[in-house]
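Predicted model only: the values in this text are computed from it and were never measured.
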Amino acid sequence: MARTLALFKLLLVAAFVASPTLAQFEHKTVGNLGKDFDEQISDGRLHFVKLYAPWCGHCKRLAPTWGELADFFASDDKVSIDHVDCTKQKSVCSKAKVGGYPTLRFYFNGAEQETYRGGRDLDALKEAIVKTKANLLEETVS
């Protein structure tokens, strides 16, 4: 009995330590999109959105890089780095047909532009934003 109780306590502590914390995903320059998703992505900026689940290991690993990316583009009024917690905003993720986590998508003027499938390092993400932004701004000026 004592051994079972000790094992239970160990598993409980392990589960607590392994569980994601809210702070892991929250960052001052990352936009937290929610119920008003369609309205929020229709503001004329390029939105690079991470649709994630807090229990996902890939999402946890990407979180610090996503924050750095948001910091890098914080002064660019044409770009917004955002995220959606699919465990809280199920209707948004269902409508977006998210099939795996994290899903990275570009939105512009309220419309999905593309799903990003490239590298997950900071330089690759920056490059994707710069290219997508240039293409979209060129299209809207023409």
Geometric class of the His83/Tyr52 ring pair [parallel <30°, tilted 30-60°, perpendicular >60°]: tilted

When the side chains of residues 91-103 are checked against the rest of the protein, which donor-acceptor pairs come out under 3.5 Å, sequence neighbours left out?
| unit_1 | atom_1 | unit_2 | atom_2 | d |
| --- | --- | --- | --- | --- |
| Lys95 | NZ | Asp38 | OD2 | 2.8 |
| Thr103 | OG1 | Gly100 | O | 2.5 |

Lys60 side, atom NZ; Trp55 side, atom CH2 - distance, nearest 0.5 Å: 10.0 Å

Thr65: partners by side-chain contact (heavy atoms from CB on, under 4.5 Å), with sequence neighbours left out: Leu62, Leu122, Leu125

Heavy-atom closest pair, residues Gly110 and Ser42: CA-OG, 3.2 Å

Those residues that, when tested against Asp36, pass salt bridge (Lys or Arg N to Asp or Glu O under 4.0 Å) (two or more places apart): none

Between CD on residue Gln40 and NZ on residue Lys35, distance to nearest 0.5 Å: 10.5 Å

Leu51 vs Arg105 side-chain heavy atoms within contact, under 4.5 Å: yes

Residue list, ring-ring contact (aromatic ring centres under 6.0 Å, His included) with Tyr107, at least two apart or on another chain: Phe37

Value rounded to 0.5 Å, distance of OH in Tyr116 from NZ in Lys50: 14.0 Å

Those residues that, when tested against Asp43, pass side-chain contact (heavy atoms from CB on, under 4.5 Å) (two or more places apart): Arg45, His47

Test item: Trp66 side-chain N/O and Asp82 main-chain N/O as donor-acceptor pair under 3.5 Å: yes

Name each donor-acceptor pair under 3.5 Å that joins a side chain in residues 126-133 to protein atoms two or more places apart or in another chain, with its distance.
| unit_1 | atom_1 | unit_2 | atom_2 | d |
| --- | --- | --- | --- | --- |
| Glu127 | OE2 | Lys131 | NZ | 3.1 |
| Thr132 | OG1 | Ala128 | O | 2.8 |
| Lys133 | NZ | Asp76 | OD1 | 3.3 |
| Lys133 | NZ | Asp76 | OD2 | 2.6 |

Distance (rounded to the nearest 0.5 Å) between Ile81 CD1 and Glu68 CD: 12.5 Å

Closest non-hydrogen atom pair between Arg61 and Pro64, with its separation: O-CD, 3.4 Å

Close side-chain approach of Phe48 to Val79, heavy-atom, < 4.5 Å: no

